[in-house]
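Everything numeric in this text was worked out from a predicted model, so none of it was measured. In each ligand, atom 1 is the first atom listed, and ligand 1 is the first ligand listed.
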Amino acid sequence: MTSVPRTAPTDSLGRRLAYLRLSVTPACTFRCVYCLPDGSGSRSSGRPLTVREIGRLLAGFAGIGLGKVRLSGGEATTRSDFAEIIRTAAHTPGIRTVALTTNGYRLERNARIWRQAGLATLNVSVDSLNRETFARIAGVDHLHQVLGGLEAALEAGFERVKINTVLLKTVNDREVGAFLNLARDRPLDVRFIELMRTHDNAAFFERHHLRADTLVRQLEELGWVRQGRAFDDGPARVYTHPDSRGRVGIIAPYSRDFCTACNRVRVTATGELRLCLFGTEGVSLRPYLQEDRQRPLLQHTVLRSLALKPAGHRLASGDSGVTDHLASIGG
Ligand code: SAM
Ligand code: SF4
């Protein structure tokens with residue numbers, strides 16, 4: 001069997017993998033027009049992993065040097081045992097950071113509870129600061145609750161909260177200034193994400209995809225300066241401005257350096273290892289999550305699979321691999 005590395009493992013191209021993105025449910029309460037317009041991520045068949053299976057999975061990954069886990073979905077917080085999932089992750093030896101990506105709908109009531117359970121960092125998706133536009137994109141009229149959630153998170157002691165905003169031509173592209181204002185005096189980082197094409201959103205993509213280059217030029221003209229990348233930052237390009245407490249991140253999946261900086265692997269809600277957001281291969285890990293003593297086999301399977309991590313996606317040629325929508329794989 002492959003020996004178990006103590007630091008983060010590297011793939012066949014030398015990319016150091018530090019970060020596991022785990023979807024804990026494909027289901028969601030929102031119906032974002034570019035993600036789950038029909039309001040269901042449950043096409044991906046099978047029961048989501050149980051808390052015990054998640055615990056074994058994380059112990060296995062932590063043991064091979066992947067010390068950061070981001071919980072995602074679907075909407076992870078729809079699970080009634082969500083606080084227990086955080087607690088289990090935070091208590092797994094070797095897991096240094098438990099992060100969450102959420103639509104923020106349940107944040108206002110739970111920020112403190114999740115923080116106490118061991119959640120370290122938080123990304124909240126907010127695609128518009130205008131109530132009507134938000135409702136048009138998300139399919140639900142919940143902007144007020146989501147913004148309340150952001151405030152509650154800062155009050156609960158999260159030092160910095162990241163806001164994820166998908167750039168959409170003719171929908172929210174005039175709101176960049178409003179997002180920068182929101183973050184000017186607060187420890188909020190806004191990350192603008194280029195819309196990615198999936199199987200389900202092809203027609204929407206054609207109408208609303210906007211290259212991030214235009215935004216980058218706009219930021220540079222306004223005096224924003226690009227920062228260097230930290231080891232487990234991932235593919236975001238980070239910009240700072242002397243007059244703003246909040247930073248800006250640009251996630252540009254169609255740019256050349258996106259895949260070379262990829263430091264993550266993904267596991268779907270049913271325990272399938274995916275090495276690329278838009279890959280064509282999946283490896284089921286669930287059979288190795290049934291007993292604690294299977295851990296070496298789990299780790300061996302993961303390490304062997306890392307060789308399959310592709311050099312890059314083929315989005316530019318319209319190939320989205322096996323990804324119907326990002327809710328199936330945690331975004
Ligand atoms: N429900 C949670 C949320 O919305 O934050 C977590 C899951 S969602 C799939 C994770 C992230 O992926 C969100 O920030 C969402 O905006 C983003 N996302 C979903 N589909 C996308 C797409 N086609 N292109 C770019 N980003 C997308
Ligand atoms: Fe749900 Fe997140 Fe997809 Fe929106 S982006 S439909 S909140 S999973």
Handout entry: Thr165 vs Arg191 side-chain heavy atoms within contact, under 4.5 Å
Key = no
Would you mind listing which atoms of ligand 1 come within a distance below 4.0 Å of any non-hydrogen atom of [X]?
X      : answer
Asn164 : 14 (O)
Glu194 : 25 (C)
Ser72  : 6 (C), 7 (C)
Val166 : 16 (O), 26 (N)
Met196 : 22 (C), 23 (N), 24 (N), 25 (C)
Gly74  : 1 (N), 2 (C), 6 (C), 7 (C)
Asn103 : 2 (C), 3 (C), 5 (O)
Asn201 : 23 (N)

Exercise for the section: Would you check whether Ser23 reaches within less than 4.0 Å of ligand 1, judged by its heavy atoms? Expected result: no
Handout entry: Cation-aromatic face contact Arg295/Tyr288, 6.0 Å, 45 degrees
Key = no
Exercise for the section: Flag Ile193 as yes when one of its N or O atoms lies below 3.5 Å from any N or O atom of ligand 1, and as no otherwise. Expected result: no
Problem - Nitrogen or oxygen of Asp127 less than 3.5 angstrom from that of ligand 1 - result: no
Handout entry: Atoms of protein origin (N, O or S) under 2.8 Å from atom 3 (Fe) of ligand 2
Key = Cys35 SG
Practice task
Test His209 against Tyr254 for ring pair (Phe, Tyr, Trp, His ring centres under 6.0 Å), laying out the working first.
Solution key: CA-CA 11 Å; His209 175 246; Tyr254 292 87; 5.0 Å; yes
Practice task
Pick one of side chain, backbone, both or neither for how Thr102 approaches ligand 1, counting any non-hydrogen atom pair under 4.0 Å.
Solution key: backbone
